[in-house]
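See structure below.
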Amino acid sequence: MATKLSEMGAADMRAAMIDSQLRTNDVIDPAVVGAMGAVAREAHVPAALAGVAYMDRAIDLGGGRALNPPLVTGRLLVAADIRAGQRVLLIGGATGYTAALLARLGAEVHAVEEAAGLLAAARAATPGAAIHWTEGPLAAGAPKAAPFDRIVIDGAIEVLPDALAAQLAEGGRIVAAQRDGSVTRLVQGVKTGGAVALRSFADMDVAPLPGFAAPNSFRF
């Protein structure tokens, strides 16, 4: 049976998430905390899992995809340093949670999702939000809408495709998670001289995204 949350119950869970998961782990940016305290995470998970929407681990969305733990999302958004009016490309829109947070932060959001079922759920969960959705391969991005001030890759990758790096504006910032053997690290980079070098800033358990595997000849 699906679990439904009352508005008060969900608000209490969001407050607990902020106090116990975010603020204690360097997610203290007022804008990010405010957005994560306002967006209903339970609207972006399967109905039967609404009661555990705010737990500190990934939530299975089916088809090999998952919603990242709140702390991963918070750390990525803080590192991305989103400013109102910026054009942001979100790779791995999934059920729309991170897209909704980006819209709440005032970004012009272009979100890419390749799974039709997840995209339908995302559209249903974000009615009226200023989000431009693109259905297609995650690794391809949204070249027709480029360049972007920020790129947020909402999941773990092995390599950053040149096609995505090319869509980042000079001086723009990209954030993601990158697998290095058995370890996954949050990474960030700024495009300088047409190149993007990623550097790690935290080790975390991050849900993988399809389409970003390294060639056999390229392994860390």
Side-chain angles (χ1 to χ4, degrees), residues 22 25-36 68-94 97-112 130-132 134 137-181 183-209 211-215 218-220:
L22 304 184
N25 288 283
D26 296 326
V27 181
I28 56 176
D29 179 271
V32 172
V33 171
M36 295 186 73
N68 278 311
L71 180 57
V72 169
T73 303
R75 290 295 300 269
L76 287 175
L77 291 179
V78 170
D81 190 27
I82 305 296
R83 306 294 180 181
Q86 287 181 329
R87 305 181 74 251
V88 179
L89 175 62
L90 172 65
I91 300 299
Y97 178 63
T98 302
L101 291 172
L102 290 168
R104 185 86 184 185
L105 290 168
E108 177 187 320
V109 185
H110 294 258
V112 180
I131 301 169
H132 306 277
T134 296
L138 302 183
K144 292 183 179 179
F148 298 98
D149 302 301
R150 299 287 187 269
I151 296 179
V152 177
I153 301 179
D154 198 14
I157 64 174
E158 291 187 5
V159 295
L160 175 64
D162 291 341
L164 283 186
Q167 294 171 42
L168 185 63
E170 182 72 12
R173 183 184 299 266
I174 185 169
V175 297
Q178 193 166 41
R179 293 184 60 189
D180 183 359
V183 178
T184 303
R185 296 183 171 95
L186 301 188
V187 295
Q188 61 183 339
V190 175
K191 191 169 188 177
T192 305
V196 179
L198 300 176
R199 63 178 182 85
S200 63
F201 61 93
D203 291 2
M204 287 195 175
D205 186 16
V206 183
L209 286 179
F212 295 91
F218 183 90
R219 295 291 177 183
F220 289 100

What's the separation between atom CD1 in Ile174 and atom CD in Gln167, rounded to the nearest 0.5 Å?
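The CD atom of Gln167 is 9.5 Å from CD1 of Ile174, to the nearest 0.5 Å.
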Supply the atom-to-atom distance Arg83 CZ to Arg173 CZ, rounded to the nearest 0.5 angstrom.
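Reported value, rounded in 0.5 Å steps: 9.5 Å.
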Ignoring hydrogens and angles, tell me if any N or O in the side chain of Gln178 forms a donor-acceptor pair with the backbone of Glu158 under 3.5 Å.
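Checked: pair present.
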If we ignore hydrogens and angles and just use 3.5 Å, is the side chain of Asp29 paired with the main-chain N or O of Val32 as donor and acceptor?
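Yes; at least one donor-acceptor contact below 3.5 Å.
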Ion pair check, Glu170 and Lys191, cut-off under 4.0 Å
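A salt bridge is absent here (no side-chain N lies under 4.0 Å from a carboxylate O).
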So, Arg87 and Asp149, do they make that salt bridge, N to O below 4.0 Å?
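No.
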Taking the side chain as everything from C-beta on, heavy atoms only, tell me whether [X] gets closer than 4.5 Å to [Y].
X      : Y      : answer
Asp26  : Val78  : no
Val152 : Leu89  : no
Arg185 : Phe201 : no
Gln188 : Arg199 : yes
Val187 : Leu160 : no
Gln86  : Leu105 : no
Leu102 : Ile82  : yes
Tyr97  : Met36  : yes

Taking atom types as modelled, is there a side-chain donor on Asn68 or Thr73 under 3.5 Å from an acceptor on the other?
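No donor-acceptor contact under 3.5 Å links the two side chains.
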So which heavy atom on [X] is nearest to which on [Y], and how close?
X      : Y      : value
Ala107 : Val88  : CB-CG2, 3.6 Å
Asn25  : Arg75  : O-CD, 3.5 Å
Ala111 : Ile131 : CB-CG2, 4.1 Å
Thr184 : Ala156 : CG2-CB, 3.9 Å
Leu138 : Gly92  : CD2-N, 3.8 Å
Val109 : Ala99  : CG2-O, 4.1 Å

Within 6.0 angstrom of Asp205 CG, more than 12 heavy atoms from elsewhere:
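Not buried by this count: 12 neighbours or fewer within 6.0 Å.
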So if I apply the side-chain contact (heavy atoms from CB on, under 4.5 Å) rule between Asp154 and each of Val175, Leu76, Ile91, which one comes out positive?
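It is Leu76; the other options fail the test.
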